[in-house]
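Labels below follow one simple rule: chain letters A, B, ... track the order of the sequence lines, proteins then strands, and each chain is numbered from 1. As a basis for the values below, the full set of heavy atoms in this structure was taken, side chains included, without hydrogen atoms, waters or symmetry mates.
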Protein chains: 2
Amino acid sequence: MKSFFRQHIEKIISLTDEEFDFIYSHFTPKKLRKHQFLIEPGDSVVNDYFVLSGCLKAYQLDKNGKMHILQFAMQDWWITDYQALYKGINATIFLDCIEDSEVLCLSLHDREKLCSELHKIEFFFRKKSNGGYVALQQRILSLLTSSASERYEQLLQLYPQLFQKVPKQLIAAYLGVSRETLSRLHSQAK
Amino acid sequence: MKSFFRQHIEKIISLTDEEFDFIYSHFTPKKLRKHQFLIEPGDSVVNDYFVLSGCLKAYQLDKNGKMHILQFAMQDWWITDYQALYKGINATIFLDCIEDSEVLCLSLHDREKLCSELHKIEFFFRKKSNGGYVALQQRILSLLTSSASERYEQLLQLYPQLFQKVPKQLIAAYLGVSRETLSRLHSQAK
DNA sequence: AAAATAATGTGATGTAGGTCACATCAAAAT
DNA sequence: ATTTTGATGTGACCTACATCACATTATTTT
């Protein structure tokens with residue numbers, strides 16, 4: 001698990017054993033059960049979470065109680081309420097587990113400490129953020145330019161593993177379609 | 001103009017005169033006329049652009065020729081085709097001027113050089129990227145959870161200056177509504 | 001200042017996708 | 001193993017919003 005995390009970082013920067021141990025010492029492992037919440041609206045948010053195993057979702061409920069999914073996170077992904085974490089305001093989203101999961105917690109404080117002490121890791125986090133920015137832009141373009149069935153196909157292309165783990169009604173809530181419509185898109189196989 | 005740019009950076013980090021001059025020496029000013037293109041699909045993209053004055057838009061055309069706006073950029077904003085820039089692939093968006101504009105160009109190469117030579121500026125760009133990430137997440141939530149008229153109100157709240165510069169049909173293309181629907185939302189004043 | 005071009009408003013009509021209702025099937029929980 | 005709870009499918013109907021068409025009013029361009 002530790003080596004898996006190291007590989008994740010070493011996709012972007014290379015590390016000595018001492019550097020990795022130093023970095024790793026700032027993280028706290030946490031085991032979570034299905035349905036367990038990490039964040040609820042109103043909470044103060046101190047951590048970013050790196051997913052070692054399992055699957056989580058970040059979402060909001062609208063005024064009719066309908067769920068809208070901002071983000072999934074599987075193995076290898078980072079997730080939290082970034083608005084709350086970065087701006088120091090209360091959470092506006094729910095973050096919970098779709099299945100039993102393990103995460104590594106990193107407080108914002110420790111992240112900033114790491115970044116100021118180790119230039120390399122600041123490079124890592126900058127690259128991660130840049131990559132995330134591009135991914136979000138692509139999702140916005142997908143929402144603006146594509147129909148429900150096109151968006152479904154795009155998501156399937158991009159993250160096929162997701163469809164093994166996540167019920168289709170959650171896929172629908174991520175794509176911005178009703179579960180009924182998503183089901184019909186399938187049967188009609190457009 | 002130069003001091004305006006310096007202020008922009010000093011909102012996040014503080015600089016000595018030498019440091020600022022060093023940073024500024026990596027930027028190239030460029031004047032642009034209304035309708036002028038900075039990027040078209042297929043182009044290779046080497047620069048990020050910081051807007052000194054004017055207003056630009058980044059957009060795609062869908063298969064029916066309809067425009068969908070990914071991003072506006074007014075004074076103080078950064079804009080480019082980030083996917084193309086970061087991944088080193090060809091552009092997939094148009095970037096052009098809504099009015100006469102002035103920008104500062106920074107090549108990716110120079111940005112990376114700056115970041116490796118001056119830890120402070122890497123901090124700056126990391127914070128910028130984090131902020132941008134949060135803004136995009138909020139836009140996705142807005143697209144998922146809100147109706148056309150709610151999205152209009154949210155945008156008006158967030159960037160009132162935008163409505164002085166940008167014709168409503170472009171606002172519509174940003175919100176993901178037809179210009180006719182946007183016009184009707186107004187008259188009905190929901 | 002005139003001509004050309006772009007922006008906006010508004011009616012009539014079309015449609016993708018939403019909502020509601022209920023049936024079936026799968027998976028947890030006791 | 002049985003009960004409870006959640007996931008999926010499908011029909012009937014509804015509604016935001018899109019599209020098309022044309023009139024009106026700004027804003028550029030020459």
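- Residues B/Leu182 and A/Leu182 both approach DNA chain D. Their nearest nucleotides, taken by heavy-atom distance, put A/Leu182 toward the 5′ side.
- A donor N or O paired with an acceptor N or O is not found under 3.5 Å between the base of D/dT29 and the side-chain atoms of B/Arg33.
- Rounded to an integer number of Å, the gap from B/Leu175 CG to D/dA18 P is 10 Å.
- One atom, NE2 of A/His35, and another, P of C/dA29, lie 7 Å apart when rounded to the nearest Å.
- At the phosphate of C/dT19, OP1 or OP2 sits under 4.0 Å from a side-chain N or O atom of A/Lys66.
- The CE atom of A/Met67 sits 18 Å away from the C1' atom of C/dG18 (whole-angstrom rounding).
- Taking side-chain N and O atoms only, A/Ser178 has no distance below 4.0 Å to OP1 or OP2 of C/dG17.
- Where A/Glu180 and A/Ser146 each meet DNA chain C at their nearest nucleotide, the meeting point lying more 5' is that of A/Ser146.
- For A/Val177, the side-chain atoms get nearest to C/dG18 when compared with the rest of D/dG9, D/dC17, C/dG18.
- At whole-Å resolution of the value, CG in B/Leu185 and P in D/dC17 are 7 Å apart.
- Side chain A/Arg179 to base D/dG9: a donor-acceptor pair is found below 3.5 Å.
- The interatomic distance linking A/Leu143 (CG) with D/dC17 (C1') rounds to 16 Å, in whole Å.
- To the nearest angstrom, P of C/dA16 lies 12 Å from CG of B/Asn64.
- Within the 4.0 Å cut-off from OP1 or OP2 of C/dA28, at least one side-chain nitrogen or oxygen of A/Lys34 is found.
- Checked against the 6.0 Å centroid criterion, the rings of A/Phe123 and B/His119 do not qualify as a close aromatic pair.
- A ring-centre distance under 6.0 Å is not found for B/Tyr152 and B/Tyr174.
- Residues B/Arg126 and A/Glu112 are paired through a salt bridge, judged by an N-O separation under 4.0 Å between the basic side chain and the carboxylate.
- Taking every side-chain heavy atom of A/Gln169 into account, D/dT8 is the closest of C/dG18, D/dT10, D/dT8.
- In this structure, A/Arg184 places its CZ atom 15 Å from P of C/dA21, rounding to the nearest Å.
- Listed nucleotides D/dG9, C/dG9, D/dA18 differ in distance to B/Lys168; the shortest reach to its side chain belongs to C/dG9.
- As a whole-Å value, the separation of A/Leu144 CG from D/dC17 C1' is 15 Å.
- For the pair B/Arg179 (side chain) and B/Ala172 (backbone), a donor-acceptor distance under 3.5 Å is absent.
- Between the side chains of B/Ser142 and B/Gln154, at least one donor N or O lies within less than 3.5 Å of an accepting N or O.
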